[in-house]
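The block underneath contains the structure these notes are about, expressed in structure tokens.
Below, read A as the first sequence line, B as the second, and so on, with proteins coming before strands; counting in each chain starts at 1.
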2 protein chains.
Amino acid sequence: MAKFAVIKEHIYRKIESGEWPEYHPVSSENELSEQFSVSRMTARRALQELAEEGLVTRTRGSGTFVAPLKSQSALLTIRNIADEIRMRNHKHHAVVRVLERVVAPNAVASALQLSPGAEVFHSVITHFENGHAVQIEDRYVNPNLVPQYLEQDFVEHTPHEYLCEVTPLTEASHLIEAVLPTEQQLSWLALENPEPCLQIQRRTWCRDGVVSQATLTHPGSRFRLGGHMTFKAPARVSNAEV
Amino acid sequence: MAKFAVIKEHIYRKIESGEWPEYHPVSSENELSEQFSVSRMTARRALQELAEEGLVTRTRGSGTFVAPLKSQSALLTIRNIADEIRMRNHKHHAVVRVLERVVAPNAVASALQLSPGAEVFHSVITHFENGHAVQIEDRYVNPNLVPQYLEQDFVEHTPHEYLCEVTPLTEASHLIEAVLPTEQQLSWLALENPEPCLQIQRRTWCRDGVVSQATLTHPGSRFRLGGHMTFKAPARVSNAEV
DNA sequence: AACTTGCTAATGTATATACAACATAGCAAA
DNA sequence: TTTGCTATGTTGTATATACATTAGCAAGTT
């Protein structure tokens with residue numbers, strides 16, 4: 001095993017065993033280089049990688065300390081619906097239900113960080129997989145950042161594909177819930193009877209501000225969201241509900 | 001700006017602009033150290049950090065190459081329900097509905113990687129927030145890995161808290177969907193009328209195998225799942241539906 | 001044609017050193 | 001008591017160097 005890995009193991013065990021609790025100081029680079037008879041750069045690498053993995057925190061001038069326990073996060077892949085369908089070797093097509101310029105509802109204006117009463121672009125598109133509706137994409141777009149949104153052909157390319165080209169995005173947030181569809185949504189999904197729907201609300205940012213807010217509604221019977229995660233540092237999980 | 005950061009910027013621009021497409025070779029450590037008049041170690045750091053961020057791939061003996069585009073993932077925080085409730089300064093309590101040793105249903109046996117007909121532990125617990133039911137935790141546990149599961153008091157500590165202590169976990173996978181609750185679930189949630197529920201299926205691993213499978217059912221009206229992500233490298237997002 | 005050998009270039013690990021930037025404690029002066 | 005300075009220790013950046021390990025290619029051998 002590489003020397004830096006030996007040092008990592010050593011510190012890792014101290015933390016996992018509980019011998020070093022939260023905020024406990026970790027031996028400095030110089031101390032470690034003496035203890036293990038390695039150069040400071042090698043000891044440094046061990047500490048740095050532990051810091052990247054979130055097990056310790058380092059502050060220049062002060063030292064290295066065992067990181068506080070964190071609640072664990074899970075990695076969920078949320079992909080472009082069109083790509084997902086094509087990946088299953090199924091046929092995708094889209095129907096544009098709404099494409100307009102409207103005065104933003106208050107909730108939308110605040111979500112897009114615009115003043116109340118501002119005008120925004122609004123699109124509603126139904127996505128089909130092998131002829132069955134699997135998603136309503138109800139989207140409001142910031143016209144200042146994407147002025148030519150309304151002129152696009154969203155049957156050819158999804159709004160996402162266009163937005164990705166125009167605005168390099170830097171952030172996104174999601175809210176997932178289970179809802180009963182409205183009458184309007186029911187008809188857009190071509191569903192006979194009401195059924196639970198998985199609804200994802202998504203807001204996206206680029207450097208200059210909020211780009212768009214989308215509400216994605218999926219029939220529960222035709223959609224699932226999958227995710228997988230691996231823990232680098234199992235001992236550090238405090239309160240993940242697992 | 002630090003020298004290694006200058007080099008990173010340089011390569012980053014080449015990739016973002018499209019000048020260097022997927023799999024395009026990146027200047028070697030030695031080339032970069034000449035071009036930028038820095039030591040090889042400094043050029044190396046730039047390439048290494050780019051590799052950690054997923055923009056390039058490196059293979060010893062061969063070289064450094066622009067990484068293929070990847071679909072983007074979102075980071076969802078899925079926390080311990082008890083902690084989440086307490087964080088809102090609300091009151092949490094749990095009611096144990098089922099705690100038994102049963103022959104595993106086929107689906108469960110295969111999920112836990114046990115032979116059909118094997119016996120497993122089974123618990124069902126309802127979690128309350130300020131007196132309102134917010135989650136049914138229906139869990140099957142591998143008895144080989146957690147032999148004393150049935151002897152625990154899950155009113156005091158959630159199954160998660162116990163499992164975390166006993167088995168340091170290394171992996172987890174999730175499946176999220178919207179469903180209508182069964183009659184049984186309806187009564188466990190003390191709901192008058194059926195309403196859409198957000199259902200999370202979770203499987204967890206430790207080093208030695210599958211630890212447990214849990215089905216978490218939340219009334220849609222009382223639960224939302226939130227997540228937030230930041231992109232380190234916006235240009236590399238290919239098909240995230242954003 | 002198939003296999004082997006050896007060379008070259010690239011990344012991976014490790015060392016020794018120097019200086020910069022920052023945090024903190026302790027001490028001195030106001 | 002408060003303010004400000006300094007000494008010391010710690011992490012951050014950078015350099016020059018050496019050797020190990022691996023991939024890919026080319027020449028030679030069977």
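- Not less than 6.0 angstrom separates the ring centroid of F36(B) from the ring centroid of F4(B).
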Apply side-chain contact (heavy atoms from CB on, under 4.5 Å) to the pair C206(B) and L145(B), showing each step before the final yes or no. CA-CA 9 Å; C206(B) 72; L145(B) 297 175; 4.2 Å; yes
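- For E151(B), there are no salt bridge (Lys or Arg N to Asp or Glu O under 4.0 Å) partners at least two apart in sequence or on another chain.
- Taking the side-chain hydrogen bond (donor to acceptor under 3.5 Å, both in side chains) definition, one finds that R13(B) meets it with nothing, sequence neighbours left out.
- R40(A) pairs by the salt bridge (Lys or Arg N to Asp or Glu O under 4.0 Å) definition with E29(A), not counting sequence neighbours.
- The stretch residues 32-46 of chain A touches DNA chain C through S37(A), V38(A), S39(A), R40(A), M41(A), T42(A), R45(A), each having a heavy atom within less than 4.0 Å of the strand.
- For T59(A) and M1(A), each mapped to the nucleotide of DNA chain C holding its nearest heavy atom, the one lying further toward the 5' end belongs to M1(A).
- Where DNA chain C meets chain A (any atom under 4.0 Å from a heavy atom), the bounding nucleotides read 5' to 3' are dT13(C) to dA23(C).
- A salt bridge links R88(B) with E129(B); the closest basic N to acidic carboxylate O contact falls under 4.0 Å.
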Output, in order, the C-alpha distance, side-chain angles, deciding distance and verdict of side-chain hydrogen bond (donor to acceptor under 3.5 Å, both in side chains) for Q152(B) and H157(B). CA-CA 8 Å; Q152(B) 307 308 313; H157(B) 298 102; over 6 Å; no
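- One interatomic measurement links the two molecules: CZ of R58(A) to C1' of dG9(D), which rounds to 14 Å at whole-angstrom precision.
- For K91(A), there are no salt bridge (Lys or Arg N to Asp or Glu O under 4.0 Å) partners two or more places apart in sequence or in a different chain.
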